[in-house]
Amino acid sequence: MNLNKKVYDLCKKIPKGKLSTYKLIAKKLNTNAYRAIGQILKHNKDPIKIPCYKIVKNNGEISGYNGNNRKNISKKIKLLGKDGIIIKNNKVLNFEKLLYKF
DNA sequence: AGTCGAGCGCGCA
DNA sequence: TGCGCGCTCGACT
């Protein structure tokens, strides 16, 4: 099973209003390929179905989104907001509480 | 303390 | 075939 598929699967498992981190996912998948996950999400085939915006850095900070530019990040923040996740200064409020631990 | 480099796995040239 | 990346951590200064 390819890593990317696993990542997608986990992403889809994240409940509404929750989020997760690269590292956590990697760990859950028994791999150390944090970077690969970023790469996968960047090139994910279903950005709509796969809530990749729910994946943030390990410290709760927001990173890039599809375009890897600031504008998309804003969009990402908006999307997160729709799910009830508040972003302040590129960081997730109550990150630890919203963190989905699979 | 802050900075730097390495390393995983996959995608693209 | 080789390099870069939505990252993270450990080692060195």
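Proteins get letters first, then strands, A, B, ... in listed order; numbering begins at 1 in each.
When side chains are defined from C-beta on, Tyr100(A) does not count as touching Leu19(A), because their heavy atoms never get closer than 4.5 Å.
When the C1' atom of dG6(C) is taken as reference, atom CG of Leu80(A) falls 13 Å away, rounded to whole Å. Residue Tyr65(A) contributes atom OH, which lies 11 Å from atom C1' of dG6(C) at whole-angstrom precision. Between the CD1 atom of Ile40(A) and the C1' atom of dG4(C) there is a distance of 14 Å, rounded to whole Å.
Closest heavy-atom contact between Pro51(A) and Cys11(A): CG-O, 3.4 Å. Closest approach of Thr21(A) to Phe95(A), counting heavy atoms only: CG2-CZ, 3.4 Å. Of all heavy-atom pairs between Ile55(A) and Lys76(A), the closest is O-NZ, 3.6 Å. Here the shortest heavy-atom pairing between Cys52(A) and Asn44(A) reads SG-ND2, 3.4 Å.
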Original post:
Which string of ( ) [ ] | and . matches DNA chain C, if you list each base 5' to 3' and count Watson-Crick or G-U pairs only when both distances are under 3.5 Å?
Top reply: |||||.|||||||
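Of the residues in residues 2-11 of chain A, those placing a heavy atom less than 4.0 Å from an atom of DNA chain B are Leu3(A), Asn4(A), in numerical order. If you check residues 24-36 of chain A against DNA chain B, the residues with a heavy atom closer than 4.0 Å are Thr31(A), Asn32(A), Ala33(A), Tyr34(A), Arg35(A), Ala36(A), listed by number. Proximity of residues 53-62 of chain A to DNA chain C (heavy atom under 4.0 angstrom from any strand atom) is restricted to Ile55(A), Lys57(A), Asn58(A).
When only modelled atom types and interatomic distance are considered, Ser74(A) and Tyr65(A) share no side-chain donor-acceptor pair under 3.5 Å.
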Subject >> Worked verdict on Lys18(A) versus Leu99(A) for side chain to side chain contact (heavy atoms under 4.5 Å, CB included) >> reply: CA-CA 6 Å; Lys18(A) 296 270 190 165; Leu99(A) 184 61; over 6 Å; no
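Under the rule for a side chain to side chain contact (heavy atoms under 4.5 Å, CB included), the partners of Asn59(A) that lie at least two apart in sequence or sit in another chain are Lys57(A), Glu61(A).
Of the inter-residue distances, the one linking Tyr8(A) atom OH with Leu3(A) atom CG reads 10.0 Å to the nearest 0.5 angstrom. Here NZ of Lys5(A) is found 13.0 Å from CD1 of Ile40(A). Values are rounded to the nearest 0.5 Å. Rounding to the nearest 0.5 Å gives a distance of 12.5 Å between NZ of Lys6(A) and CD1 of Ile25(A).
With Leu98(A) as the fixed residue, the side chain to side chain contact (heavy atoms under 4.5 Å, CB included) test singles out one of Leu93(A), Asp83(A), Ile85(A): Ile85(A).
Residue contacts shown for Lys45(A) are absent, as no nucleic acid heavy atom lies under 4.0 Å away.
Across dG6(C) and dT3(B), the matching C1' atoms stand 22 Å from one another, rounded to whole Å.
First and last contacting nucleotides of DNA chain B toward chain A (any atom under 4.0 angstrom from a heavy atom, 5' to 3' order): dG7(B) to dC12(B).
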